[in-house]
Each structure stands twice: as structure tokens, then as C-alpha cells.
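Remember, it's 1-based here, ligands and their atoms both numbered in the order they're listed. Small disclaimer: the values here were computed from a predicted structure and weren't measured.
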Amino acid sequence: MSRVSDQEKVIDANKQGHPLSTEHIKGNTKKLYLESYGCQMNMNDSEIVAAILSEQGYNTTTNLNEADLVMVNTCSIREKAEQTVRKRLEKYNAVKKINPAMKVGVLGCMAERLKAKFLDEEKIVDLVVGPDAYRDLPNLLSEVEDGRDAVNVLLSRDETYADVSPVRLNSNGVSAFVTITRGCDNMCTFCVVPFTRGRERSRDPQSIISEIQDLVTKGYKEITLLGQNVDSYLWYGGGLKKDFDKASAIAKATAVGFADLLKMVASSFPKTRVRFHTNNPQDMDLEVLHTMVTYPNICRYLHLPVQSGSTTVLKRMNRQHTREEYIELIDNVRKLLPDCAISQDMIVGFCGETEEEHQDTLSLMEYVNYDYGFMFAYSERPGTLAEKKFPDDVPNDVKKRRLTEVINLQRELSLKNTQSYMGKTVEVLIEGNSKKSEAHWMGRNSQNYAVVFPKGNEKVGDFVQVKITDCTSATLLGEALH
Ligand code: SAH
Ligand code: F3S
């Protein structure tokens, strides 16, 4: 898998669009076929849905033909993601012709915008459930049983599913995701997330710690804290982030921010690797970097999406930082954490992007020397601020050419970075077999590079010292030291 390919492909390798499965609960007789598209937060939401449905008598199946209920967790981030889901809905409906008792549900980000289309116009689904309404699934399913269409796309001020223990799907038993915030208040002009997932709210730190405790007891070795913008995590007893100003003096004084949460997690589980995703350059403060320095179990890896290297484009995107401020942040990372890997998200061809602004993106990439990245051509999304304010005026062929340029540059930078590991020894957490060979393990180092090496008598979940002897632009190859 190339880390510098389109993000959809990257997630594809993480079982995107594959049926998800888990251990079966005895006594459950109904069969759920579940697919998840989009980001890791969607994947974690699918795990919450599986947990709620397992209480309703459903076990997962990977055989579409035998399903009683088909659920697809959808993504709206780019047009292509929506098209993929539409194709899957056509496929489910073809199966439904043979098995008319089968029910089809749409979950997640496409639910709100397309509910009327799916239910009334096209009649291709029985059930539409938005990201904050999964607790309502039992009621909605009984409506479907009674022959009614069921829909709940209400967004919530406080839903964090804090007390739902996610059922781990297609898990390697080694690393797991734990959601810490939901929604986003940032209003980047290109982005549909604030509309599909609602306002930002943080989850009670105690429930986060107890979920991690449970995972650690089950043998998990690596936890990734998830949020659209983890830096703006803020717990003050519940409520929306935007209402913090109105909180009581006591609530304010005892509030828990992201750096505090990170300290709590890293110190409570010193043998567990801690990762987090995604940071937002505009909100990231130095305390997070200092916390990383203090706790060696926090991985040396930061995903710091910048979207563009041009201050004028960033302004049109409503990102709250300039190129110079981003560079200052990167300089601080390099100073405090010299061995930290940094990755990016980049959008090319945003409204009005000139050749000069595009060159600023390329020069920023060179300056930062990103380890890897996820690069996209701008895709206009209905209802976003950019759709209302700016024409999508960069021609497709120009977008394509610019995308190729950033992908090629990233590939060069990635190769330079992987080559710098040659001869070094890194600690690897084994996740499973290498995709290409059963005789090799695949694991990751702290910097999140995939490391492949011949099997000895290690097992999945072991930490192993591996000496790097070869590399591609995305993978380190080596031998275990014993
Ligand atoms: N919360 C994350 C991003 C969530 S979306 C953050 O702050 O970066 C994941 C990535 O998809 C974004 O970083 C962006 O690079 C890309 N993306 C979002 N909207 C897009 C659009 N309309 N067209 C192309 N790419 C988009
Ligand atoms: Fe989207 Fe910007 Fe939030 S990219 S998810 S609005 S930080």
C-alpha cells in the first residue's frame, strides 16, 4: 500500500467497504451485514452500531446473501465517496430482489442530506440513521418491522456514546480506536463535516479511561484517541465546546483539555502505546508537544493537516493559521521532538487557486519534509460555505496535474525519509502477517511506519527490536534482533 495515494485507497486497505465481522454472541440469531466507508471515526461508529445491534439479537455476517439486515456507514467528504456508497446500495437492492425480507439501512454522514432521496424518491432503503441517533436503532428497527420507513437524523448537543462499549470489528486485537470528541466547530469552507456530524462535544475523561482499561485488560497494546480536532478536546462536565464560556467558575477551573487528557492516558497506561488523530494546527499548543516529550509511550507521530501552503488559500478555506504560523509550529516540533514523523492532508485546486499559490504548497512540503500524506483534488460539497461563496473554478485537468505534482513530491520525500532509517534499529509492535507473505510479520514503529520482517518465534502483540536493512517509499524492511 502506498501511503501517498488517494486517501480512499489508503482506507480501502483498512478494510474499507469489506464486510465487518466480530466474535459471535451465543443466542443471537439475526444476521447483520455491516460495511463502513470514510474515516476512522466512522469505523469506530460502526463498532458502536455493532454493539447496539448485538443487544438486539444480531451477529455479524460477511455473506450478504444471508443477511437479515444490511447497514452501510457512509461518508460525504468528497463526491467520489458518495458515489461508492450509491453503487453499494444498488448491489444490496439487487440481493433484496432475491431476499425481500432483507432490510437495508444507511448510517452516518450521507443520512441527513439524502434521507428524502433514499426513502421517498428512490425507495432504496428502509432505514436512515444519522451519526448521533444510533441509540434509537432498536425503535427504528421495530418501525421497520411494522412496515414503516424509519428515519432519525437529529444531531445532538451531548451524545458521545460514552457508556456504549464498542464491539471491535475486524480487529487485530492489538490496536484500537477510542473516540474522544464528536462533531466539529471549525467551519473550514470546503468541509461538510460540521453539517453532517454536528457541533463539537467532548467525552467524559473517566469513560475514556475506563474504555482504555477494558481494552488493555483484553490485551490491546496501542490506543488511538480520535476526534476531528483532538486539540480542542475540552471536558467541563458536559455540553458543547462553544458553550464553555457560560460554564460555572468551578467547571472552568476543573476543565480537562487535550494535554491534560493525554497526560492522564499516558500515565495510567505506561506500557500502552498512545496515538491521537487528528491535530489541527490552529489549535495545537506547545503543552501537547511537552507532554509527548515527557511520556515515551506517546508515539512520535503527528498528523498535522495543512490543506495548502499558501496563506491566501488558507484564508479562503477559513483555516485559522497562516503559512508562517504553521512553519513556526513545525519548527517547534522539530526542536522538541527531533525524531517525530509528520504527515499532512492537502487539497489542490481549491477555489481560485493560482499557479503561484500551488507552488507555495510544493515549497511548504519541501520545507516540512513530510513523512507521508493524504492528497486530494478539491471536490465541491453541497451546503458548504465554499459552495455558497466561491466558484469551483480550477479546471479538472489543472487539478489533476497539480495533484500528480504533490503526490510525486510526497513520494520523493517519503523515500528520503524511509532511507534515513537504513541501518537503524526501531521498536516494532507486531500487528499481524505481512500482506505479501505469511512468512513475514507486519508491525509499526513509533513513527507509524509499516515495518516488515521475517518471522521468528515472536507473536502478534509483541514489541520487537528490528534492524532496518531496506525500504520502499512507504515501508521499512528489516530483521528482528534477539
Ligand atoms: N478534521 C480533519 C479533517 C477531516 S476530513 C482536519 O482538521 O484536517 C479529512 C480530509 O479530507 C481533510 O483534511 C481534507 O484534506 C480532505 N477534504 C475535506 N473536504 C474536502 C473536499 N471538499 N474536497 C477534497 N478534500 C476534502
Ligand atoms: Fe472539516 Fe476543518 Fe473540521 S477540515 S472536520 S471543518 S477542522
Show me which atoms of ligand 2 lie under 4.0 Å from any heavy atom of [X].
{"X": "Arg319", "answer": "2 (Fe), 4 (S)"}
{"X": "Pro194", "answer": "6 (S)"}
{"X": "Phe190", "answer": "4 (S)"}
{"X": "Val193", "answer": "5 (S)"}

>> Can you confirm, on distance only, whether ligand 1 has an N/O atom lying under 3.5 Å from any N/O atom belonging to Arg381?
In response: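 The answer is no, given that Arg381 and ligand 1 share no N or O pair closer than 3.5 Å.
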> Hey, is ligand 1 close enough to Asp345 that some N/O pair sits below 3.5 Å?
Replying inline: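 Asp345 vs ligand 1: N/O contact under 3.5 Å present.
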> Angle class for the Tyr301/Tyr372 ring planes (parallel below 30°, perpendicular above 60°, tilted otherwise)?
Replying inline: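 Plane angle between 30° and 60°, so tilted.
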> Where is the nearest protein heavy atom to atom 5 (S) of ligand 2: which residue, which atom, and how far?
Replying inline: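 In this structure, atom 5 (S) of ligand 2 has Gln228 OE1, 3.4 Å as its nearest protein heavy atom.
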> Looking at atom 3 (Fe) of ligand 2, what's its closest protein heavy atom, distance included?
Replying inline: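 Protein heavy atom at minimum distance: Cys184 SG, 2.3 Å.
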Proximal atoms of ligand 1 relative to [X] (non-hydrogen, under 4.0 Å):
{"X": "Gln228", "result": "1 (N), 2 (C), 4 (C), 6 (C), 7 (O)"}
{"X": "Pro305", "result": "8 (O)"}
{"X": "Arg78", "result": "11 (O), 16 (C), 17 (N), 23 (N), 24 (C), 25 (N), 26 (C)"}
{"X": "Asn280", "result": "7 (O)"}

> For the ring pair Phe374 and His303, is the centre-to-centre distance below 6.0 Å?
Replying inline: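 That pair passes the under 6.0 Å test.
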>> Determine whether the aromatic ring centres of residues Tyr449 and Tyr421 are separated by less than 6.0 angstrom.
In response: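 When the ring centroids of Tyr421 and Tyr449 are compared, they turn out to be within the sub-6.0 Å range.
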> Strictly under 4.0 Å, does any heavy atom of Asn280 approach an atom of ligand 2?
Replying inline: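 Contact check Asn280 vs ligand 2: positive.
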>> Below 4.0 Å from ligand 2: does a non-hydrogen atom of Arg197 turn up there or not?
In response: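 It does not, in that no heavy atom of Arg197 comes within the 4.0 Å cut-off of ligand 2.
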Looking only at side chains, do [X] and [Y] share a donor and an acceptor under 3.5 Å apart?
{"X": "Glu427", "Y": "Ser446", "value": "no"}
{"X": "Tyr367", "Y": "Asp331", "value": "yes"}
{"X": "Ser36", "Y": "Ser46", "value": "yes"}
{"X": "Tyr37", "Y": "Glu35", "value": "yes"}

>> Measuring from non-hydrogen atoms of Val193 to any atom of ligand 1, is the shortest distance under 4.0 Å?
In response: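 In this structure, Val193 fails to qualify as a contact of ligand 1 - no heavy atom is under 4.0 Å.
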> Is Ala377 near ligand 1, meaning one of its heavy atoms is under 4.0 Å from it?
Replying inline: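 For ligand 1, residue contact (heavy atoms, under 4.0 Å) with Ala377 is present.
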> How does Gln307 reach ligand 1, by side chain, by backbone, by both or by neither, if only non-hydrogen atoms under 4.0 Å count?
Replying inline: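 Gln307 to ligand 1: side-chain contact only, backbone stays beyond 4.0 Å.
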> Backbone, side chain, both or neither: what part of Phe376 comes under 4.0 angstrom of ligand 1, heavy atoms only?
Replying inline: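 The answer is the side chain of Phe376.
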> Within a strict 4.5 Å, meaning less than it, do heavy atoms of the Val72 and Leu107 side chains meet?
Replying inline: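 Of all side-chain heavy-atom pairs linking Leu107 with Val72, none is under 4.5 Å.
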> Between CD1 of Ile342 and OH of Tyr370, what distance do you get to the nearest 0.5 Å?
Replying inline: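 The CD1 atom of Ile342 sits 7.5 Å away from the OH atom of Tyr370.
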>> Using the rule side-chain contact (heavy atoms from CB on, under 4.5 Å), only one of Leu225, Leu302, Leu226 pairs with His277; which is it?
In response: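 For His277, the side-chain contact (heavy atoms from CB on, under 4.5 Å) check succeeds only for Leu226.
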> Does the side chain to side chain contact (heavy atoms under 4.5 Å, CB included) test come out yes or no for Arg273 and Ile223, once each step is laid out?
Replying inline: CA-CA 6 Å; Arg273 271 189 181 177; Ile223 301 299; over 6 Å; no
> For Phe376, is the NZ or CZ atom of Arg78 found under 6.0 angstrom from the centre of its six-membered ring and inside 45 degrees of the ring axis?
Replying inline: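 Yes, Arg78 lies over the aromatic ring of Phe376.
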> Relative to atom 2 (Fe) of ligand 2, which among Pro305, Gly227, Cys188 owns the nearest non-hydrogen atom?
Replying inline: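 Nearest option to atom 2 (Fe) of ligand 2, by heavy atoms: Cys188.
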>> Using 2.8 Å as the threshold, say whether any N, O or S atom from Cys191 sits that close to atom 1 (Fe) of ligand 2.
In response: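 Short answer: yes, at least one N, O or S atom is under the cut-off.
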